[in-house]
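Down below is the structure, laid out as C-alpha cells.
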Amino acid sequence: MDADSRRDRLEELDPELAAELDAEEEEDEHTLPSLPNADAYEEIRMRAAPNPNGPWHLGHARMPSVIGTYKERYDGHFIVRFDDTDPETKRPDLAAYDLIVDDIEYLGFEPDEVLRASDRLETYYEYARELIEMGGAYTCDLPGAEFSELKNSGKPSPNRDKDSETVLEEFEAMVNGEYHSGEMVLRVKTDITHKNPALRDWVGFRMIDTPHPREEAADYRCWPMLDFQSGIDDHLTGVTHIIRGIDLQDSAKRQRFLYDYFDWEYPEVLHWGHVQLDAYDVKISTSTIKQLIEDGELDGWDDPRAPTLRSVRRRGIRGDAIVESMIGLGMSTSDVDLAMSSIYANNRELVDDTANRYFFVRDGVSVPVIEGPQAGHPPLHPDHDDRGTRTIPVSDAVLIEQDDVPALDDRVWLKGYGCVRYTDDGFVYVGEDISAVREDGVAVIHWTPDNGSVPVRMRTADGDVTGHAEPEFTETSVDDIVQFERIGFARVDTHTDEESVTYYTHP
RNA sequence: GCUCCGAUGGUGUAGUCCGGCCAAUCAUAUUGCCCUCUCACGGCAAUGACCGGGGUUCAAAUCCCCGUCGGAGCACCA
C-alpha cells in the first residue's frame, strides 16, 4: 500500500485518528516550533529590542525573521523597541534608528509599533520610586569593585538597609543629576546569598555624564540598566513572548525579582545561540564593521565585502531568502553556523525565473571572426521563449575570456551564434549544426563583440572585476537581477556613459 | 572559582518532553548521471550523523549517572 491508500484506509477504520494525524502533519509545515503556551493569550505580542548603534549585520536578521514569522502565524503584534539607554559605551547612532527599521522592511516585515526607551525615562523613574517605597531597592555609593567583592562572598552592601525615605531622597538626587558617573547607583534588592552570583542585588540605575545624542533625551543623567528598563517595558507593552540570545539567559532570572515585587506575571521566554556566518573574513560585529568603514577598509555599510544586510541587499539578495534561512535554523540554544550557500540556494530559487541572461566577458581577448553571419541571437531566458532573443552584432571580431581560447584548429561554439574553428587568422565560421555540441562535445562559450560592447564593473566580495557585456545590456534597469551566463547572478546598480556597475549576487 | 545552558552527517534541522513505528527526517553541500547552444533551473542517484563511558529496560538518539567538549553569565554594556 502506498501512503495515499494507507491514509484512505485509515480514514475508513478510524476517522478521528486520521484527522489527528492530518493535524500533526499540518503542524510540521511550520519549521519553527509552536510558541509555548500560545493558547493562553488573546494576542501574541513580541518585541525586538535592538541597540541602535549601526545598521544591521546578517546575524541581526534572525530576530525579525523569527518574530515576523510568528506574527504572521499567530496574527500577533510586533514591537520594535530601541533599548538606547547607554549614551556612552553603547552610544546610539542617530541614523541607525531609521536604518534598522528599513532593514526590517527589507526582510519583509512591518513593525506594528516602534518605541524608544530614551523617550520613556519618566516612566522608569516612576516605577523605581514605587519599588523604593516597597523596600525593593536601595541607593548605593560603593565603588563597583568593592561591591563585587562583598557580593561574591555573599555579604550585603552597608547601604542595603537604609530606610526608604533616605533612598527616595538620594534617588531623586540621582534623577536631578546631582551625582556624577560612578558616584551612586540604585540597586534592586534580590537575595544577596543567592547561589547564582549573577543575580545578587543587581544595578537598576546608574549615572552617566555623557548626554544622550537624541535631543529629546539629552538632559537625562540617571539611566536605567537593561534589566530594569526592559523588564518594565515588556510588562507595560503587554509582551507575551520574549525571544532573545543566550547572552541574556540570566536576564529573565534577574527581572523575575522585579516582577515579584510588582506582582506581575513574567512572559514566556525563549533563548537562542549566536549565529556565525561562513564566507566572511570580516568579523561580524557592528563595532568592527564601523571601525573598518572609518579606516577606509570598507567603502560603507553596503560594501560587497561587508557582512551587512545593506550589502547583501545591494548584491540583489531578496529579504525572503534570508528569512527562510534564518527560520531553518530553528530555535536551538546552541551556537549555529549559517552557511551563506543556504541563503544563496534560497535566493537562486527566487530570482532564477525573472533573471534574464546576458553575456559578460571578463578581461576579454579579441579574436577576429571570418565569414560568419552578422549577429548572434541567444534567448533572453532559456525557459521563457516568449521573452524573445537578444541581438549581438559580431562586427569583425569578438571578445572571449582567456580561459575559453581553444587550442589551434579546435572548434568552439559561440553561444547563440554558431560554431567556429580557431585558426592563425582567427575564428573561421563553420556553421550552425548543433550536432557539433551534442555529438562532438564542442564547448559552448559566451562572447561579446569587440566593437560596441558595454564596459562593466562587477563588484564582488573579492574585489572588482571588469570586462565587457553585450550591447543590449544597457537596456536593463537599475535593480534588475540578471544572470551573466557561465558566471553567475548580478544586480544592476548603475548605468553611466562610462561604464555599468553591477554587484555580484552569487553563482 | 561560583552559576546556568547545550551536544544528531561538512552545515542546519526533525525526532528527545510521553523509550518500541528511527538500520534516523528534510534542506543545503559535495560527487556522478540525465536534460540543456550556461558551470543556471529542473530530474535521478550516491556520500554522510545520534560526543564518550556506565546504568535502568525485553527494548535507549530518547530516561538516569559520570566524564569530555562547546557556549553564556557573575559590568555602574546591550
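Below, read A as the first sequence line, B as the second, and so on, with proteins coming before strands; counting in each chain starts at 1.
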Quick one: pull up [atom1] in [X] and [atom2] in [Y] and give me the separation to the nearest 0.5 Å.
X	Y	atom1	atom2	answer
A:Met225	A:Trp202	CE	CH2	9.0 Å
A:Ile132	A:Tyr138	CD1	OH	12.5 Å
A:Arg62	A:Trp56	CZ	CH2	13.5 Å

Inset, instruction - For residues 329-350 of chain A, pull every pair meeting ring-ring contact (aromatic ring centres under 6.0 Å, His included), keeping only residues two or more places apart or in separate chains. - result: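 Residue pairs passing ring-ring contact (aromatic ring centres under 6.0 Å, His included), neighbours aside: A:Tyr344-A:His506.
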Legend entry - salt bridge (Lys or Arg N to Asp or Glu O under 4.0 Å): pairs with one or both residues in residues 353-363 of chain A, sequence neighbours excluded: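 Every pair satisfying salt bridge (Lys or Arg N to Asp or Glu O under 4.0 Å) with a residue in residues 353-363 of chain A: A:Asp352-A:Arg357, A:Arg362-A:Glu401.
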Legend entry - Residue pairs involving residues 246-255 of chain A (criterion salt bridge (Lys or Arg N to Asp or Glu O under 4.0 Å); sequence neighbours excluded):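 As it turns out, the salt bridge (Lys or Arg N to Asp or Glu O under 4.0 Å) pairs with a partner in residues 246-255 of chain A, which skip direct neighbours, are A:Asp227-A:Arg254, A:Asp250-A:Lys253.
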Legend entry - Residues from residues 330-346 of chain A lying under 4.0 Å of RNA chain B - heavy atoms: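 Heavy-atom cutoff 4.0 Å gives A:Ser332, A:Thr333, A:Ser334, A:Asp335, A:Val336, A:Asp337, A:Ser341, A:Ala345.
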Legend entry - Any A:Lys151 side-chain N or O less than 4.0 Å from OP1/OP2 of B:C2: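 A:Lys151 to B:C2 OP1/OP2: no side-chain N or O under 4.0 Å.
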Inset, instruction - Examine B:C4: is either OP1 or OP2 under 4.0 Å from a nitrogen or oxygen in the side chain of A:Lys195? Give yes or no. - result: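 So the side-chain polar atoms of A:Lys195 do come within 4.0 Å of the phosphate oxygens OP1 or OP2 of B:C4, strictly under.
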[N] to [M] separation - [atom1] atoms, rounded to the nearest Å:
N	M	atom1	value
B:U56	B:A23	C1'	24 Å
B:C26	B:C18	C1'	24 Å
B:G12	B:C21	C1'	26 Å
B:U68	B:U31	P	40 Å
B:A40	B:A60	C1'	46 Å
B:A75	B:G55	C1'	43 Å
B:C44	B:A59	P	41 Å
B:U47	B:C66	C1'	35 Å

Inset, instruction - Measure from NZ or CZ of A:Arg390 to the centre of the six-membered ring of A:Tyr358, then state whether that distance is under 6.0 Å and the direction lies within 45° of the axis. - result: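 Yes, A:Arg390 lies over the aromatic ring of A:Tyr358.
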Does the pair [X]/[Y] count as a salt bridge with the N-to-O cut at 4.0 Å?
X	Y	answer
A:Arg214	A:Asp119	yes
A:Asp440	A:Arg411	yes
A:Asp201	A:Lys151	no

Inset, instruction - Kindly say whether the aromatic ring centers of A:Phe205 and A:Phe228 come within a distance under 6.0 Å. - result: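 Yes - the distance between ring centres of A:Phe205 and A:Phe228 falls below the 6.0 Å cut-off.
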Inset, instruction - Could I get the full list of salt bridge (Lys or Arg N to Asp or Glu O under 4.0 Å) partners for A:Arg244, not counting sequence neighbours? - result: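 Scan of A:Arg244 (salt bridge (Lys or Arg N to Asp or Glu O under 4.0 Å), adjacent residues dropped) gives none.
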Inset, instruction - Could I get the full list of salt bridge (Lys or Arg N to Asp or Glu O under 4.0 Å) partners for A:Arg221, not counting sequence neighbours? - result: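 For A:Arg221, no residue satisfies salt bridge (Lys or Arg N to Asp or Glu O under 4.0 Å) once neighbours in sequence are set aside.
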Rounded distance in Å - [atom1] ([X]) to [atom2] ([N]):
X	N	atom1	atom2	answer
A:His274	B:G73	NE2	P	7 Å
A:Ile322	B:G12	CD1	C1'	16 Å
A:Leu329	B:U28	CG	C1'	12 Å
A:Glu149	B:G1	CD	P	19 Å
A:Asp250	B:C74	CG	P	8 Å

Please list, pair by pair, any protein nitrogen or oxygen found under 3.5 Å from a nitrogen or oxygen in nucleotides 76-78 of chain B.
| unit_1 | atom_1 | unit_2 | atom_2 | d |
| --- | --- | --- | --- | --- |
| B:C76 | O2 | A:Gly182 | N | 3.4 |
| B:C76 | N3 | A:Gly182 | O | 3.3 |
| B:C76 | N4 | A:Leu142 | O | 3.3 |
| B:C76 | N4 | A:Gly182 | O | 2.8 |
| B:C77 | OP2 | A:Arg206 | NE | 2.4 |
| B:C77 | OP2 | A:Arg206 | NH2 | 2.9 |
| B:C77 | O3' | A:Asp86 | OD2 | 3.4 |
| B:C77 | O3' | A:Arg206 | NH2 | 3.3 |
| B:C77 | O2' | A:Asp86 | OD2 | 3.3 |
| B:C77 | O2 | A:Lys90 | NZ | 2.6 |
| B:A78 | OP1 | A:Thr85 | O | 3.4 |
| B:A78 | OP1 | A:Thr85 | OG1 | 3.0 |
| B:A78 | OP1 | A:Arg206 | NH2 | 2.9 |
| B:A78 | OP2 | A:Leu226 | N | 3.2 |
| B:A78 | O3' | A:Asp83 | O | 2.7 |

With 3.5 Å as the limit, what N/O pairs link the protein to nucleotides 65-68 of chain B?
none

Would you list the atom pairs, donor with acceptor, under 3.5 Å between side chains in residues 192-199 of chain A and any protein atom, with sequence neighbours excluded?
| unit_1 | atom_1 | unit_2 | atom_2 | d |
| --- | --- | --- | --- | --- |
| A:Thr193 | OG1 | A:Asp191 | OD1 | 2.9 |
| A:His194 | ND1 | A:Asn196 | N | 3.0 |
| A:Asn196 | OD1 | A:Ala198 | N | 3.0 |

Distances under 3.5 Å only, N/O to N/O: pair up the protein atoms with those of nucleotides 36-43 of chain B.
| unit_1 | atom_1 | unit_2 | atom_2 | d |
| --- | --- | --- | --- | --- |
| B:C37 | OP1 | A:Arg438 | NH2 | 2.9 |
| B:C37 | OP2 | A:Arg438 | NE | 3.1 |
| B:C37 | OP2 | A:Arg438 | NH2 | 2.8 |
| B:C37 | O2' | A:Lys415 | NZ | 3.3 |
| B:C37 | O2 | A:Trp413 | NE1 | 2.8 |
| B:C37 | O2 | A:Gly416 | N | 2.8 |
| B:C37 | N3 | A:Trp413 | NE1 | 3.1 |
| B:C37 | N3 | A:Gly416 | N | 3.0 |
| B:U38 | N1 | A:Glu485 | OE1 | 3.4 |
| B:U38 | O2 | A:Gln483 | OE1 | 3.1 |
| B:U38 | O2 | A:Arg486 | N | 3.4 |
| B:U38 | N3 | A:Gln483 | OE1 | 2.8 |
| B:U38 | O4 | A:Arg357 | NE | 2.7 |
| B:U38 | O4 | A:Arg357 | NH2 | 2.9 |
| B:C39 | N4 | A:Arg486 | NH1 | 2.2 |
| B:A40 | O4' | A:Gln483 | NE2 | 3.4 |
| B:A40 | O2' | A:Asp352 | OD1 | 3.1 |
| B:A40 | O2' | A:Gln483 | NE2 | 3.4 |
| B:A40 | N3 | A:Arg357 | NH2 | 3.0 |
| B:C41 | OP1 | A:Arg348 | NH1 | 3.4 |
| B:C41 | O4' | A:Asp352 | OD2 | 3.2 |

Inset, instruction - Classify the angle between the aromatic ring planes of A:Trp447 and A:Phe359 as parallel (below 30°), tilted (30 to 60°) or perpendicular (above 60°). - result: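 Plane angle between 30° and 60°, so tilted.
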Legend entry - Dot-bracket encoding per residue of RNA chain B, Watson-Crick/G-U cut-off under 3.5 Å, | denoting interstrand: (((((((..(((.......[.....)))((((((.......))))))...(((((..]....))))))))))))....
Distance-only donor-acceptor hits, side chain of residues 413-422 of chain A, under 3.5 Å, sequence neighbours excluded:
| unit_1 | atom_1 | unit_2 | atom_2 | d |
| --- | --- | --- | --- | --- |
| A:Lys415 | NZ | A:Glu485 | OE1 | 2.6 |
| A:Tyr417 | OH | A:Pro373 | O | 3.0 |
| A:Arg421 | NH1 | A:Asp409 | O | 2.9 |

Inset, instruction - Give a yes or no on whether the backbone of A:His274 and the side-chain of A:Asp335 come within a donor-acceptor separation of less than 3.5 Å. - result: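 Yes, because the side chain of A:Asp335 sits within donor-acceptor range (under 3.5 Å) of the backbone of A:His274.
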